[in-house]
Amino acid sequence: AMEKGYVSVFLLLIVISCALAKDAGKKDSKDTTAKPKLPQTLSRGWGDQLIWTQTYEEALFRAKHSQKPLMIIHHLEDCPHSQALKKVFAEHKDIQKLAEKFILLNLVYETTDKNLAPDGQYVPRIMFIDPSLTVRADITGRYSNRLYAYEPSDISLLHSNMQKALKLLKTEL
C-alpha cells in the first residue's frame with residue numbers, strides 16, 4: 001500500500017508542474033515588451049517555443065494520458081553530430097510545427113530502459129514511442145548499423161518519420 005501512495009504523489013507533482021509551466025507561458029506572451037524571453041532550458045536548443053518534458057517518466061506518463069506519440073532525442077552537448085542535427089532541427093519550420101503534436105523529450109544522458117538503446121547508446125538518435133508505450137522499431141533512419149541515427153542531410157526523412165508516427169496513431173488507436 002505504501003508504494004501506491006508514493007506513485008500518486010509523484011504523478012500529482014507532475015500535474016502541478018505542468019500546470020505551472022502553462023501559466024508561466026501565458027503570462028509571457030502578454031508582456032513581450034517588458035523583457036526578452038529567457039530561452040527555455042528544457043529545450044536545450046531543439047525548439048525553445050516547444051513544450052519539453054523534463055524526465056523520461058514524465059514523458060511516458062504524458063504520452064499515455066494525452067494519447068500523443070512521444071519523440072525522444074538522445075544527444076550530447078559536446079558532440080558535433082548532435083550540434084549539427086540540433087541546428088537544422090530547430091531551424092526547420094515544418095518540423096517545429098509538427099513537433100507540437102508530440103510529447104517531446106531530449107536527453108543528454110541514457111535512461112535505464114534498454115528499449116531506448118536497441119542497437120546501442122549512440123548519439124544523436126531519435127526514437128518514437130506510441131501512447132501504448134511501445135518503442136516504434138519500425139520508424140528508423142537510413143543507416144542499418146545505427147537505426148535511429150540522423151545526419152543533418154536526413155532532415156526530410158526525419159520529417160516524414162514524424163508524419164509516419166502521427167499517421168500510425170490514427171490507424172492503430
Side-chain angles (χ1 to χ4, degrees), residues 17-18 21-22 24-25 28-29 32 36-64 66-111 113 115-131 133-170:
S17 59
C18 294
K22 279 200 193 86
D28 238 76
S29 54
T32 39
K37 186 163 163 254
L38 294 169
Q40 194 220 88
T41 49
L42 284 179
S43 80
R44 296 191 182 91
W46 289 87
D48 291 340
Q49 82 294 348
L50 295 166
I51 296 164
W52 295 85
T53 48
Q54 193 155 4
T55 63
Y56 181 47
E57 292 72 23
E58 181 197 349
L60 291 176
F61 176 82
R62 288 176 61 174
K64 192 173 175 180
S66 66
Q67 292 298 299
K68 286 179 171 181
L70 163 59
M71 177 160 83
I72 298 185
I73 303 170
H74 286 90
H75 63 109
L76 287 172
E77 298 291 356
D78 56 359
C79 160
H81 301 284
S82 296
Q83 291 289 1
L85 184 63
K86 177 198 295 193
K87 188 170 161 35
V88 294
F89 184 95
E91 288 170 3
H92 195 293
K93 294 226 175 4
D94 293 339
I95 278 185
Q96 291 289 309
K97 190 86 197 115
L98 207 52
E100 293 171 8
K101 297 186 161 79
F102 288 81
I103 302 299
L104 299 167
L105 176 66
N106 69 78
L107 292 175
V108 287
Y109 53 87
E110 293 290 337
T111 70
D113 188 344
N115 296 311
L116 292 188
D119 63 346
Q121 297 189 335
Y122 51 86
V123 292
R125 73 180 190 279
I126 301 180
M127 307 185 73
F128 296 93
I129 297 180
D130 67 30
L133 305 188
T134 305
V135 174
R136 300 307 307 217
D138 51 348
I139 305 180
T140 56
R142 68 171 86 252
Y143 309 102
S144 54
N145 61 332
R146 292 189 163 192
L147 292 174
Y148 306 98
Y150 295 86
E151 296 278 326
S153 57
D154 305 327
I155 199 73
S156 60
L157 174 62
L158 178 57
H159 183 250
S160 65
N161 277 350
M162 288 169 74
Q163 289 173 315
K164 190 172 167 185
L166 290 166
K167 212 170 267 138
L168 282 172
L169 211 61
K170 290 199 177 69

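Residue numbers start at 1 and run along the sequence shown.
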Side chain to side chain contact (heavy atoms under 4.5 Å, CB included) with Asn115: of Thr134, Leu133, Val135, only one passes, and it is Val135
Does the plane of the ring in Trp46 sit parallel, tilted or perpendicular to the ring in Phe89? Use 30° and 60° as the thresholds.
perpendicular
OG on Ser43 to NZ on Lys86, rounded to 0.5 Å
8.0 Å
Decide side chain to side chain contact (heavy atoms under 4.5 Å, CB included) for Arg44 and Trp52; before the verdict, give the C-alpha distance in whole Å, the side-chain angles of both, and the deciding distance to 0.1 Å.
CA-CA 9 Å; Arg44 296 191 182 91; Trp52 295 85; over 6 Å; no
Taking all non-hydrogen atoms of both residues, which atom of His81 and which atom of Pro124 are closest, and how far apart?
CB-CD, 3.7 Å
Reported CG-to-CD1 distance for the pair Leu147 and Ile126, which is rounded to 0.5 angstrom:
14.0 Å
Would you compute the distance between atom NZ of Lys93 and atom CD of Gln96 and round it to the nearest 0.5 angstrom?
9.5 Å
Pair Ile72-Tyr56, side chain to side chain contact (heavy atoms under 4.5 Å, CB included): steps then yes or no:
CA-CA 9 Å; Ile72 298 185; Tyr56 181 47; 3.5 Å; yes
Of all heavy-atom pairs linking Leu104 and Ala99, the shortest is CD1-O, 3.6 Å
With the threshold set at 4.0 Å, does a side-chain nitrogen-carboxylate oxygen contact exist between Glu100 and Lys68?
no
Does Lys64, at its NZ atom, have more than 12 non-hydrogen atoms belonging to other residues, nucleotides or ligands within less than 6.0 Å?
no
So which heavy atom on Leu105 is nearest to which on Ala59, and how close?
CD2-CB, 4.0 Å
Compare every heavy atom of Pro152 with every heavy atom of Leu85, then report the nearest pair and how far apart it is.
N-CG, 4.0 Å
So, taking the atom named CE in Met71 and the one named CD1 in Ile129, what distance separates them when rounded to the nearest 0.5 Å?
12.0 Å
Sub-3.5 Å donor-acceptor pair from the side chain of Gln121 to the main-chain atoms of Ala117, do we have one?
no
Check Ala165 against Phe102 and note the closest heavy-atom contact, atom names and distance.
CB-CE2, 3.9 Å
Leu70 side chain reached by Phe128 side chain, heavy atoms, under 4.5 Å:
no
Could you check Arg125 against Glu110 for salt bridge (charged side-chain N to carboxylate O under 4.0 Å, His left out), going step by step and ending with a plain yes or no?
CA-CA 11 Å; Arg125 73 180 190 279; Glu110 293 290 337; 2.8 Å; yes
What is the distance from atom CZ of Arg142 to atom CG of Leu158, rounded to the nearest 0.5 Å?
11.0 Å
Quick one: do Leu168 and Asp130 satisfy side chain to side chain contact (heavy atoms under 4.5 Å, CB included)? Show the steps, please.
CA-CA 9 Å; Leu168 282 172; Asp130 67 30; over 6 Å; no
Tell me the closest heavy-atom pair linking Thr140 and Ala137, and the distance in Å.
CG2-O, 3.4 Å
Atom pair CG (Leu107) and CE (Met127), whose distance is rounded to the nearest 0.5 Å:
11.5 Å
Is it the case that over 12 heavy atoms from other parts of the model lie below 6.0 angstrom from the NE2 atom of His92?
yes
